[in-house]
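As a basis for the values below, the full set of heavy atoms in this structure was taken, side chains included, without hydrogen atoms, waters or symmetry mates.
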Amino acid sequence: MDKYNKNVVPEVPNLAIYVPNFVTEEEESEIVKHVNNAPLPKWTQLSHRRLQNWGGLPHPKGMIAEDIPDWLQKYVNKISVCNIFEKNKLPNHVLINEYLPGQGIMAHSDGPLFYPTVTTISCGSHTFLDFYKNSDSSETQQRTLEFSILLERRSLLILQGDLYHHYLHSIAERDTDILSKSLVKNLNICGDQFSEGQTLHRGVRLSLTIRHVPKTTKLKLKIG
C-alpha cells in the first residue's frame with residue numbers, strides 16, 4: 001500500500017485512502033452497461049435504493065459462494081493487486097448500490113460479517129460520504145457530523161482501522177451538495193479542482209463495494 005501514501009486523507013482518524021480516477025472512463029462505461037443489463041431478479045429493491053449482490057449473500061451462518069462474472073472479477077482483481085487485503089483474505093464479494101438523485105443511506109457500519117477493510121468504486125456521479133462517531137444513540141439526528149469525504153465518479157475509497165470499527169458512514173438524501181473545505185477532508189487529493197461553496201448536482205450513482213467475507217460455506221454455486 002506504500003504507493004498510496006500520498007492518497008491518505010488528512011485530518012481524519014486512521015485510516016481513509018482516496019484514489020481519484022481509479023477506473024478509466026471506458027471502464028466506468030463498461031461497469032454501468034453490465035450493471036444495467038443484469039437480469040431483473042438480480043436486483044433487490046429497497047425503500048430508498050436498489051442493489052445487487054455478487055459472490056453470494058453474506059449471512060452470519062456463512063455465505064454460499066457464487067462465481068463472480070468476468071466483467072466484475074476484473075475490478076475485484078484490480079483491488080486485490082493493490083495489497084490492501086491479506087493474501088488469504090482477498091475480496092470475494094461485491095455489493096452494487098444504485099443511488100438516484102435524492103437517495104441515500106442511513107448511518108451504519110459494515111460490521112463483523114466482513115474483513116475490516118472496505119473498498120468502494122464510484123461510477124456515474126459523485127456523492128458525499130458523511131462520518132459520525134459510533135455511539136449508543138440510534139438516532140442520526142442526535143449524532144454530530146464529524147467530517148465528509150467527496151467521492152468523485154471513477155474514484156476508489158479504502159476504509160480501515162478506526163474508521164471501520166468506531167465510525168458510522170452515511171449518504172444524505174439530497175439532490176445537491178455544497179462544498180465546505182472545513183468539512184470535506186479530501187479536496188486536496190481529488191482529481192478535479194473545487195472551490196469553497198461550489199454546488200455539485202448529483203446524477204445516478206453506482207457504488208461497487210468490494211470486500212472479503214471470511215465465513216463462507218464449501219458449496220459453491222455457478223451463476224450464469
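Other residues, nucleotides and ligands contribute more than 12 heavy atoms inside 6.0 Å of the CG atom of N37. Counting heavy atoms of neighbouring residues, nucleotides and ligands inside a 6.0 Å radius, atom CG of N88 exceeds 12 of them. By the 6.0 Å contact criterion, CD on Q45 is enclosed, its count of non-hydrogen atoms from other residues, nucleotides or ligands being greater than 12. The environment of H48 atom NE2 is sparse: at most 12 non-hydrogen atoms of other residues, nucleotides or ligands sit within 6.0 angstrom.
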Is there a side chain to side chain contact (heavy atoms under 4.5 Å, CB included) between L156 and I79 once you walk through the steps? CA-CA 9 Å; L156 170 68; I79 293 289; 3.4 Å; yes
*asked:* As a quick check of understanding, evaluate side chain to side chain contact (heavy atoms under 4.5 Å, CB included) for T120 and L159, giving each step before the final call.
replied: CA-CA 9 Å; T120 302; L159 298 179; over 6 Å; no
- Before giving the answer on side chain to side chain contact (heavy atoms under 4.5 Å, CB included), spell out for V204 and E98 the whole-Å C-alpha distance, their side-chain angles and the decisive distance to 0.1 Å. CA-CA 7 Å; V204 178; E98 178 193 66; 4.1 Å; yes
- prompt: Should S122 and F22 be marked as a side chain to side chain contact (heavy atoms under 4.5 Å, CB included) after you check the CA-CA gap, both sets of side-chain angles, and the distance that decides it?
  reply: CA-CA 9 Å; S122 296; F22 182 74; over 6 Å; no
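Sorted by first then second residue, the salt bridge (Lys or Arg N to Asp or Glu O under 4.0 Å) pairs that include residues 188-205, not counting sequence neighbours, are D177-R202. Annotation: salt bridge (Lys or Arg N to Asp or Glu O under 4.0 Å) contacts involving residues 72-85, sequence neighbours excluded, comprise E27-K74, E27-K78, E30-K74.
Here the side chain of K215 pairs a donor or acceptor atom with the backbone of P60 at under 3.5 angstrom. A distance-only check finds a donor-acceptor pair linking the side chain of E152 to the backbone of G191 [under 3.5 Å]. At distances below 3.5 Å, at least one donor-acceptor pair connects side-chain atoms of T119 with backbone N or O atoms of I210. Distance alone, capped at 3.5 Å, is enough to place a donor-acceptor pair between the Y164 side chain and the G111 backbone.
Side-chain contact check for L168 versus H108: every heavy-atom pair is 4.5 Å or farther apart. Using a 4.5 Å heavy-atom threshold, the side chains of L51 and I96 count as separate. Using a 4.5 Å cut-off on side-chain heavy atoms (C-beta onward), I171 and D130 make no contact. Two residues are said to be in side-chain contact when any heavy atoms from C-beta on lie closer than 4.5 Å; Y18 and C190 meet this criterion.
Each of I121, I31, V23 was compared with R154 under the side chain to side chain contact (heavy atoms under 4.5 Å, CB included) criterion, and only V23 meets it.
With sequence neighbours excluded, no residue satisfies side chain to side chain donor-acceptor pair (under 3.5 Å) with N21.
In this model, no donor atom of one side chain and acceptor atom of the other lie less than 3.5 Å apart for N134 and H165. Under 3.5 Å, the side chains of H212 and H93 contain no donor-acceptor pair of N or O atoms. Defined by atom type and a distance below 3.5 Å, a donor-acceptor pair is present between the side-chain atoms of W54 and Q52.
In this structure, R211 and D110 approach most closely via the heavy-atom pair NH1-OD2, 2.8 Å. Heavy-atom minimum distance, P20 versus I189: CG-O, 3.3 Å. Annotation for K3 and N7: closest pair O-OD1, 4.1 Å, computed over non-hydrogen atoms. Contact record, S170 with Y132: OG-CE1, 3.3 Å, taken as the closest heavy-atom pair. Across P58 and V213, no two heavy atoms sit closer than the pair CG-CG2, 4.2 Å. Contact record, I68 with N92: CD1-O, 3.8 Å, taken as the closest heavy-atom pair.
By the criterion of side-chain heavy atoms lying less than 4.5 angstrom apart, applied directly or through intervening Ile, Leu, Val, Met, Phe, Trp or Tyr residues, L90 is grouped together with V94 in one hydrophobic cluster. F147 and I105 fall within the same hydrophobic cluster, where Ile, Leu, Val, Met, Phe, Trp and Tyr residues are linked whenever their side-chain heavy atoms come under 4.5 Å apart, directly or through other members. Note: the hydrophobic cluster containing V184 also contains F194 (ILVMFWY, side chain heavy atoms under 4.5 Å, direct or indirect links). L183 and L179 fall into different hydrophobic clusters, where Ile, Leu, Val, Met, Phe, Trp and Tyr side chains are chained together by heavy-atom contacts under 4.5 Å. The hydrophobic clustering, which links ILVMFWY residues whose side-chain heavy atoms are closer than 4.5 Å, places L151 and L187 apart.
Between atom CG of residue D162 and atom CD of residue Q160 there is a gap of 11.5 Å, rounded to the nearest 0.5 Å. Rounded to the nearest 0.5 angstrom, E146 CD and Y167 OH are separated by 5.0 Å. In this structure, CD1 on I84 lies 7.0 Å from CD1 on I17, to the nearest 0.5 angstrom. In this structure, L150 CG and F128 CZ are separated by 5.5 Å, a value rounded to the nearest 0.5 Å. Atom CD1 of I149 and atom CZ of F131 lie 4.0 Å apart (nearest 0.5 Å). The structure places SG of C123 at 8.0 Å from OH of Y75, a figure rounded to the nearest 0.5 Å.
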